[in-house]
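This is a predicted model, so every value here is computed, not measured. Only this structure's heavy atoms are used, side chains among them; waters, hydrogens and symmetry mates stay out. In what follows, every chain begins at residue 1, and chains take the letters A, B, ... in the order their sequences are listed.
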Amino acid sequence: MREYNFREIEKKWQTRWVKDKTYQVHEDETRKKFYVLNMFPYPSGAGLHVGHPLGYIASDIYARCKRQQGFNVLNPMGYDSYGLPAEQYAIQTGQHPEKTTIENIDRYRSQLDKIGFSFDWDREVRTCSPEYYKWTQWTFQKMFSSWFSKDVQKALPIEKLVEHFQEKGSAGINAACSEELHFTSDEWNSWDAGKQSDVLMNYRLAFLGETMVNWCPRLGTVLANDEVVEGVSVRGGYPVEQKKMRQWCLRVSAYSQRLLDGLETIQWSDSIKETQKNWIGRSEGTEVEFRIAETNETFTIFTTRADTMFGVTFMVLAPESELVGNVTTAGQKAEVDKYLSYVKSRTERERMIDHTVTGVFSGSHAINPFTGEKIPIWISEYVLAGYGTGAIMAVPAHDSRDYAFARHFGLPVIPLIEGADVSAGSYDAKEGIVCNSPAAGKVSLQYDGESLVLNGLTVREAIAATKEFVERHKIGRVKVNYRLRDAIFSRQRYWGEPFPVYYKNGIATMIPEECLPVELPKVDNFLPTESGEPPLGNAQVWAWDEAGRKIVDKSMIDEKTVFPIELYTMPGFAGSSAYYLRYMDPHNDKALLSEQAAEYWQNVDLYVGGSEHATGHLIYSRFWNKFLFDIGISKKEEPFQKLINQGMIQGRSNFVYRIKDTNTFVSYGLKDQYDTTPIHVDVNIVRNDILDTEAFKAWRPEYETAEFILEDGKYVCGWAIEKMSKSMFNVVNPDTIVDRYGADTLRLYEMFLGPVEQSKPWDTNGIDGCHRFLKKLWQAFWDKDGNLRLTDDTPTAENMKSLHKLIKKVTADIETFSYNTSISAFMVATAELTGQKCYSRHVWDKVIALIAPFAPHIAEELWHAMGNETSVCDAPWPAYDEKYLKESNVRLGVQFNGKVRFDMEFPADATPQEMTSMALAAPEAARYLEEMQVVKTIAIPGRIVNIVVKPARS
RNA sequence: GCGCCUGUGGUGGAAUUGGUAGACACGCCAGACUUAGGAUCUGGUGCCGUGAGGCGUGUAAGUUCGAGUCUUAUCAGGCGUACCA
């Protein structure tokens, strides 16, 4: 007997792999590449728990398998190392974030190293290292000097736009922009540098914009939409308010259509694609111009229900709309002002939760371009300034929000669909036959002798007809709107990438490329300055001269030739948006990556990570990559070809039950007989829900004198599924598991827990099964004296069948990530082969090659024990042969009327006709045929024999 | 409200994609071995029934010779999103 000493084995091979550089990868034109990537972690102070490595293990298995199948596999790892927690910690303790970040990284690394991943650590990246963020800054500068042409749907150099402005002004430019501008070339040429810069900001892909931002006073910074949930910050849960600020923004919205179209070309889960589609929010509609009766000015609204033009009974403006001032009449001014200050007093959170109807009449009226009727213009917070034009036409009969508003303020409701009952609520469905358009006795205004009549059409037809009419008579235009907003790219924080920007006479100017990176300066105070500047204002090294040289002394800023630098930093998603490209060529200091590396690695073939990034990182990355694709850096339009979303691992908490006002604890099964309080107990002193009472007494001083009421001599704990967190004492550290069972057992068990994509609770209870399996596998190799038991025997047909069944199953499972069933298959195959007393090395070397991706350490040990010199990482992936799987006889169920009645043996190659007659002739069939008549027979070789009978006619 | 996903033993989960439901593992029960252990091995384990047999994949219909799988309705849970006109 030789013991399975996993500690020794795992340590031995982990050391050897490092020494032999087993996982180092190089571009190799002779082999096909395969790029496997995990979402890199933010190294938090809490370290890894067993949930974190789940995705890494799954992708590592896949990567190792691909390598054995002959691919040149890139499987890198790094750290998303800028972020708020390190900064918050720094504010509290004065520890520099760089110090804590590096400590956390080292801790992560040592935890990861124990699990036996095949990462190429020579390619590690850290978003906070200057060599890395140089290229984040570089990309930002490229975005700054680009604009987006809607005609070619592509980013182009800003110089081209400037040339156009010089020659033709804004005419003929169809660009993504903040607002539509119209000017001539003469106007452009007459403007000074400041004005020209302002105008160009309207077009740049990275631009300064006055925007409403999510301002979090507690954090002292701006947050992106995906960093705010239900009006509070994701990090910390602090209230968030709306505030207008001048911010760096990325024109993500320019790429809306491409981001939408790209989804069709990638293999992501439907739910993530759907989430992104909703986030992009394409909606096809119509813009219609309305004239204000009092002032004769016009304004534009956006609607998807152009068919309801004849049911408009009022207009509504968003309170923030610039039109509000124009339409408010003197008589209504007091009322309107009162309402506006009310709206301003409401926080974003209140507005989100509380949907009570509020609003105020502006005093003005609009003219419906189809009926000529005067309709009142109202102001209400239910209309959002940021979507469409910030103004709507209200059709209370067919929109529930307009309906609620109309009922509240007593405004008329005109139904436009036959049979629609609007006495209790609006009829929102886009179905039915249009009527009242125009209503009997009313007219539809004429345009060029034509008038619009929709009566009798379906809603669909009416929308199309109205669009066409509006377009042709220039009452408005067909318009596609997207919900996707531009990303706000400034943060008022310290621990992030500094902007490579300085302000020359107030004009934002890029620091020359050769001066990059602009390094993050050391500061000793991470809070905003006394004058309210962001934390970077505390730095003393911040200024640049006209030639782009760094000036060390900030006091020189007032002199004419020295200019202040941008004090904002970039948000978390800046560094994580293109890290997958940097892994391809991580040490390149001349370019983000070389042309050759980009051509070879192309894009990520398999990306593994959590679905919580669906509307954040996974959108920004796609945007960022599309931009880099446009400027020729990235070679594929989509960064991540296939995406697997690993599920979350929840915690499984254990409880003890204390009898009220005592220090006595009662076992789970008896707790109902007492008045008890459940108390979380550390899951690490509980095994299979049985409490280690001695460990419990030692756990905390107050339990030292604890007494227990046991059942069957044991203390049984209760349990619940909760989030894995320190406060619930349910955090399981992978180190503990590795120490007790070994990395191979941990890897196997994490996969055995269930499908990778499913969320599931961690339950250490089942782990013995996987450990037992590895022991059995180990024992299969050694005789009772501890010598290798394998022989050169030719395997039997039975051996080959067990082996090839396994190869087939595992090979198929690898591609579908069904690793839990693969492990079952290993268990079955090992049991079968040992049961067959099969010790042929021709069988076992294939078994080891198959299991190597799952349990690399034990596989490597056994692989070498069998006399192999090279690493099992390069063991060829076995191919299976169907011929071994064929059986001479097959046992099939014989059904009568769809119900299986008995089993019988059939020759494997029997035809359906033969199978049927054999089944009918079987003695067991007789009782089902008594007084019954065969109506029909269905026989499928290898599957089933079914005989349909019905009572014979008398 | 809208969108997406999931409902199978005491538990985690299988089911060759429409063909003998419950593989594999945990747990539990019984037994073996043993200077009691949280070790190992063997057998059993969906539910009801002594039994033959019957019932069983959230619920209810439907298609089919045959449905966990397809269709419709409905209930429950989860995730995302939210006054997007």
B/rU17, syn or anti by chi within 90 degrees of zero: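 For B/rU17, whose glycosidic angle is within 90° of 0, the conformation is syn.
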Chi class for B/rG31: syn within 90° of 0, otherwise anti: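 Here the answer is anti: the torsion falls beyond 90° from 0.
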Whole-Å [atom1] distance, [N] and [M]:
N: B/rG19; M: B/rG68; atom1: C1'; answer: 13 Å
N: B/rU69; M: B/rG9; atom1: P; answer: 15 Å
N: B/rA25; M: B/rA15; atom1: P; answer: 16 Å
N: B/rU57; M: B/rG3; atom1: P; answer: 29 Å
N: B/rG7; M: B/rC70; atom1: P; answer: 10 Å
N: B/rA82; M: B/rU8; atom1: C1'; answer: 34 Å
N: B/rA32; M: B/rU16; atom1: P; answer: 41 Å

Rounded distance (Å) that lies between atom [atom2] of [N] and atom [atom1] of [X]:
X: A/Leu885; N: B/rU16; atom1: CG; atom2: P; result: 17 Å
X: A/Arg901; N: B/rG54; atom1: CZ; atom2: C1'; result: 11 Å
X: A/Ile823; N: B/rA23; atom1: CD1; atom2: C1'; result: 14 Å

Need the pair for [N]. Rule: Watson-Crick or G-U wobble, both distances under 3.5 Å, any strand; none if unpaired.
N: B/rU11; value: B/rA25
N: B/rC41; value: B/rG31
N: B/rG56; value: none
N: B/rG51; value: none
N: B/rG1; value: B/rU81
N: B/rA76; value: B/rU6
N: B/rU20; value: none

For [N] and [X] - does any side-chain N or O of the residue sit under 4.0 Å from the phosphate oxygens OP1/OP2?
X: A/Arg943; N: B/rU20; answer: no
X: A/Tyr387; N: B/rA85; answer: yes
X: A/Arg483; N: B/rA85; answer: no
X: A/Lys936; N: B/rC65; answer: yes

So what does [X] hit on the nucleic acid, given a heavy-atom distance under 4.0 Å: a base, only sugar-phosphate, or nothing?
X: A/Ser824; answer: base
X: A/Glu612; answer: nothing
X: A/Lys277; answer: nothing
X: A/Glu274; answer: sugar-phosphate
X: A/Pro755; answer: sugar-phosphate
X: A/Asn820; answer: sugar-phosphate
X: A/Val383; answer: base
X: A/Leu753; answer: sugar-phosphate

Pair of N/O donor and acceptor under 3.5 Å linking B/rG19 base with A/Gln895 side chain: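 A donor-acceptor contact between them is present.
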Within 45° cone of A/Trp782 ring axis and under 6.0 Å: A/Arg2 NZ or CZ: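 Yes - A/Arg2 lies over the ring of A/Trp782, closer than 6.0 Å to its centre and within 45° of its axis.
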A/Arg622 charged N/C atom sitting above A/Trp279 aromatic ring, 6.0 Å / 45°: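 Output no; distance or angle outside limits.
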Close aromatic pair by centroid cut-off 6.0 Å: A/Tyr382 and A/His355: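 No.
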Validation row, ring centre A/Trp378 to ring centre A/Phe405 under 6.0 Å: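 Yes.
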From [options], pick the nucleotide closest to the side chain of [X]?
X: A/Arg772; options: B/rA85, B/rG19, B/rU40; value: B/rU40
X: A/Asn946; options: B/rG54, B/rG13, B/rG19; value: B/rG19
X: A/Trp279; options: B/rG19, B/rG13, B/rU81; value: B/rU81
X: A/Asn278; options: B/rC24, B/rC83, B/rG3; value: B/rG3
X: A/Lys775; options: B/rC4, B/rU40, B/rC83; value: B/rU40

Residue whose closest nucleotide on RNA chain B lies nearer the 5' end, A/Asn765 versus A/Lys776: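 Checking each residue's closest nucleotide, the 5'-ward one belongs to A/Asn765.
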Nearest-nucleotide comparison on RNA chain B, the residue closer to the 5′ end among A/Gly766 and A/Pro761: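 Looking at RNA chain B, the more 5' nearest nucleotide goes with A/Pro761.
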Straight-line distance of A/Ile851 CD1 to A/Phe773 CZ, nearest 0.5 Å: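 Going from the CD1 atom of A/Ile851 to the CZ atom of A/Phe773 covers 3.5 Å.
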Nearest atoms (heavy-atom pairs only) where A/Gly754 meets A/Lys760: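 So the minimum-distance heavy-atom pair works out to O-NZ, 3.6 Å.
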A/Tyr819 and A/Phe854 aromatic ring geometry - parallel, tilted or perpendicular at 30°/60° bounds: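 Rings of A/Phe854 and A/Tyr819: perpendicular, as their planes differ by over 60°.
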A/His804 and A/Tyr884 aromatic ring geometry - parallel, tilted or perpendicular at 30°/60° bounds: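 Tilted.
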